[in-house]
Amino acid sequence: MATIEEYRQIIQGELKEYTEIPYAYGDLRCRLIVSEDRNNFLLITQGWEGEVQMHGCLVHVEVIGDKVWIHRDGLEDGIANDLVRAGIPKGHIVLGFHPPEVRSHTEFAVS
């Protein structure tokens, strides 16, 4: 089983890949923000689409205890399965954007 430090490296690596995908429109880019304690990982979109400034959180992942909580997932295919393919077991990933009563119907951790 991977350690929490390995989980942090996996999360950062998977999210970093999304920063390298160019947007097909506008003057937009993805940026990866990592908290100083490396327990929070934010993928944000920022830039301009025409005359409209775009700035928002696309993905928020947090390491809490021995679990990886996905608080926000705005990716088309979702980040959860990327994390599983990279080595984090489903039982250690909480889909925090689902209400607790819904989480038990997924193959992922409840809390």
Side-chain angles (χ1 to χ4, degrees):
M1 181 186 332
T3 66
I4 296 303
E5 181 55 34
E6 289 169 326
Y7 288 177
R8 290 177 178 137
Q9 291 174 8
I10 289 170
I11 295 165
Q12 190 164 340
E14 291 298 315
L15 291 177
K16 187 169 183 336
E17 288 183 21
Y18 285 97
T19 66
E20 297 165 4
I21 301 172
Y23 275 85
Y25 57 89
D27 184 20
L28 300 169
R29 64 183 181 147
C30 274
R31 296 185 66 201
L32 176 61
I33 311 292
V34 179
S35 66
E36 191 171 303
D37 64 2
R38 298 189 53 222
N39 286 333
N40 281 278
F41 303 84
L42 298 170
L43 188 63
I44 66 166
T45 300
Q46 73 176 130
W48 292 87
E49 187 174 350
E51 296 181 9
V52 178
Q53 183 195 32
M54 307 297 287
H55 188 277
C57 178
L58 194 56
V59 175
H60 178 196
V61 178
E62 182 176 15
V63 176
I64 302 175
D66 66 344
K67 298 283 183 5
V68 173
W69 283 71
I70 301 173
H71 297 296
R72 165 114 177 92
D73 190 351
L75 296 175
E76 191 170 314
D77 294 327
I79 192 69
N81 288 325
D82 289 343
L83 298 177
V84 171
R85 280 190 292 274
I88 301 176
K90 286 184 176 181
H92 282 214
I93 297 173
V94 179
L95 304 179
F97 52 85
H98 285 312
E101 63 272 13
V102 172
R103 291 181 208 148
S104 63
H105 300 288
T106 70
E107 297 175 356
F108 292 89
V110 174
S111 62

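Side-chain atoms are counted along with the backbone in the values below, which use heavy atoms only and exclude waters and symmetry mates.
- When every heavy atom of V94 is checked against every heavy atom of V110, the shortest pair comes out as CG1-O, 3.8 Å.
- Looking at I64 and K67, their side chains never come closer than 4.5 Å, going by heavy atoms from C-beta outward.
- With a 4.5 Å cut-off on side-chain heavy atoms, L58 and Y18 do not count as touching.
- Going from atom CD1 of I44 over to atom CZ of R29 covers 8.0 Å, rounded to the nearest 0.5 Å.
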Requested in this report: Please test D66 against H92 for side-chain hydrogen bond (donor to acceptor under 3.5 Å, both in side chains), starting from the C-alpha separation and ending with a verdict.
Outcome: CA-CA 7 Å; D66 66 344; H92 282 214; 4.6 Å; no
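- Using a 4.5 Å cut-off on side-chain heavy atoms (C-beta onward), R38 and Q12 make contact.
- Using a 4.5 Å cut-off on side-chain heavy atoms (C-beta onward), D82 and D77 make no contact.
- Few gaps surround CD on E20; more than 12 heavy atoms of other groups in view lie less than 6.0 Å from it.
- From L83, atom CG reaches atom NZ of K90 across 12.0 Å, with rounding to the nearest 0.5 Å.
- At least one donor-acceptor pair under 3.5 Å links the side chain of D73 to the backbone N or O of I79.
- Two residues are said to be in side-chain contact when any heavy atoms from C-beta on lie closer than 4.5 Å; R8 and T3 fail this criterion.
- Closest non-hydrogen pair, L32 versus T19, comes out as N-CG2, 3.8 Å.
- Hydrophobic cluster membership is shared by V34 and L15, with clusters built from Ile, Leu, Val, Met, Phe, Trp and Tyr side chains linked at under 4.5 angstrom.
- Judged by distance alone, with hydrogens and angles left aside, the side-chain atoms of R103 form a donor-acceptor pair with the main-chain N or O of H98 at under 3.5 Å.
- A pairwise comparison of heavy atoms in C30 and Y23 identifies SG-OH, 3.6 Å as the closest pair.
- W69 and L43 are assigned to two separate hydrophobic clusters, defined by single-linkage of ILVMFWY side chains at heavy-atom distances under 4.5 Å.
- Among all heavy-atom pairs drawn from I70 and I93, the shortest one is CD1-CG2, 3.8 Å.
- Hydrophobic cluster membership is shared by I21 and L75, with clusters built from Ile, Leu, Val, Met, Phe, Trp and Tyr side chains linked at under 4.5 angstrom.
- The side-chain contact (heavy atoms from CB on, under 4.5 Å) test with V68 singles out one residue from V61, I4, I10, N39, and that residue is V61.
- Between G91 and A109 the shortest heavy-atom distance is O-CB, 3.4 Å.
- Here the CG atom belonging to D27 is positioned 11.5 Å from the CD atom belonging to Q53, to the nearest 0.5 angstrom.
- In this structure, the side chains of Q46 and M54 stay at 4.5 Å or more apart for every pair of heavy atoms.
- Closest approach of Y7 to P89, counting heavy atoms only: OH-CD, 3.4 Å.
- Summarising the geometry, atom CZ belonging to F41 is positioned 12.0 Å from atom CD1 belonging to I33; distances are rounded to the nearest 0.5 Å.
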